[in-house]
Amino acid sequence: MPIETGPYCDHCTDEAGNLQSFDERFRRMALWQQKSHPTDSPEQVEKATLEYMAQLPAWREHPRVVAR
């Protein structure tokens, strides 16, 4: 995602520009992943979401991402 202002993209921040909670961002990304791959199991969706988040500066060091 392009970063217009601040250290994070608009998808990872709230209206005030603050980083969303990991749980909120993970939930939203998992929903997007499920829509993109509707036949994937919940486990596959979670794995793919965590792998994607590992590429993002805001989340790559989060314990859940690191532990994947």
Side-chain angles (χ1 to χ4, degrees):
M1 294 290 127
I3 298 175
E4 301 294 329
T5 60
Y8 309 115
C9 77
D10 291 340
H11 295 284
C12 290
T13 57
D14 63 18
E15 311 78 41
N18 301 309
L19 192 61
Q20 294 174 359
S21 72
F22 176 85
D23 291 335
E24 177 64 17
R25 180 66 352 226
F26 179 81
R27 184 184 69 77
R28 289 179 181 212
M29 286 183 164
L31 287 172
W32 175 81
Q33 181 70 21
Q34 184 65 52
K35 286 180 184 176
S36 298
H37 303 277
T39 60
D40 283 1
S41 70
E43 293 80 16
Q44 290 170 310
V45 168
E46 181 173 327
K47 181 180 178 188
T49 302
L50 290 171
E51 287 176 4
Y52 182 73
M53 292 178 88
Q55 301 172 44
L56 304 174
W59 309 114
R60 68 176 130 217
E61 300 299 326
H62 189 277
R64 270 194 68 198
V65 175
V66 171
R68 73 184 192 289

task = Using the rule that two of Ile, Leu, Val, Met, Phe, Trp, Tyr join whenever any of their side-chain heavy atoms come within less than 4.5 Å, decide whether Met53 and Val45 are in one cluster.
result =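 They do not share one cluster, since no chain of ILVMFWY contacts under 4.5 Å joins Met53 to Val45.
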
query = According to the salt bridge (Lys or Arg N to Asp or Glu O under 4.0 Å) rule, which pairs have a member within residues 18-32, sequence neighbours left out?
reply =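 Sorted result for residues 18-32: Glu24-Arg27, Glu24-Arg28.
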
task = Could you note down all residue pairs passing salt bridge (Lys or Arg N to Asp or Glu O under 4.0 Å) where residues 54-68 supplies at least one of them, sequence neighbours left out?
result =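 Listed once each, the pairs are Glu46-Arg64.
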
task = Please name all residues satisfying side chain to side chain contact (heavy atoms under 4.5 Å, CB included) with Ala48, sequence neighbours left out, ordered by chain then number.
result =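 Only Gln33 meet the side chain to side chain contact (heavy atoms under 4.5 Å, CB included) criterion with Ala48.
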
message = Going by side chain to side chain contact (heavy atoms under 4.5 Å, CB included), name the residues that satisfy it together with Ala67, two or more places apart in sequence or in a different chain.
response =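 Counting only residues at least two positions away or on another chain, Ala67 forms no side chain to side chain contact (heavy atoms under 4.5 Å, CB included).
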
message = Suppose the criterion is ring pair (Phe, Tyr, Trp, His ring centres under 6.0 Å): which pairs have a residue in residues 26-51, not counting sequence neighbours?
response =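 Only Phe22-Phe26 qualify under ring pair (Phe, Tyr, Trp, His ring centres under 6.0 Å).
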
task = Using side-chain hydrogen bond (donor to acceptor under 3.5 Å, both in side chains) as the criterion, list what pairs up with Glu43, not counting sequence neighbours.
result =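 Applying side-chain hydrogen bond (donor to acceptor under 3.5 Å, both in side chains) to Glu43 gives Ser41.
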
inquiry  = To the nearest 0.5 Å, what is the distance between OH on Tyr8 and CG on Asp14?
reply    =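 Reported value, rounded in 0.5 Å steps: 12.5 Å.
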
task = Any chance you could measure Met29, atom CE, to Leu50, atom CG, to the nearest 0.5 Å?
result =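 Atom-to-atom, Met29:CE and Leu50:CG are 10.5 Å apart.
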
query = Does the side chain of Trp59 reach to within under 4.5 Å of the side chain of Val66, using non-hydrogen atoms?
reply =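 No; the side chains remain at least 4.5 Å from each other.
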
ask   = Hey, does the side chain of Asp40 reach the backbone of Gln44 with a donor-acceptor pair shorter than 3.5 angstrom?
value =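 Checking the backbone N and O of Gln44 against the side chain of Asp40, no donor-acceptor pair under 3.5 Å is found.
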
ask   = So which heavy atom on Leu19 is nearest to which on Cys12, and how close?
value =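 Smallest heavy-atom distance, with atoms named: CD1-O, 3.4 Å.
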
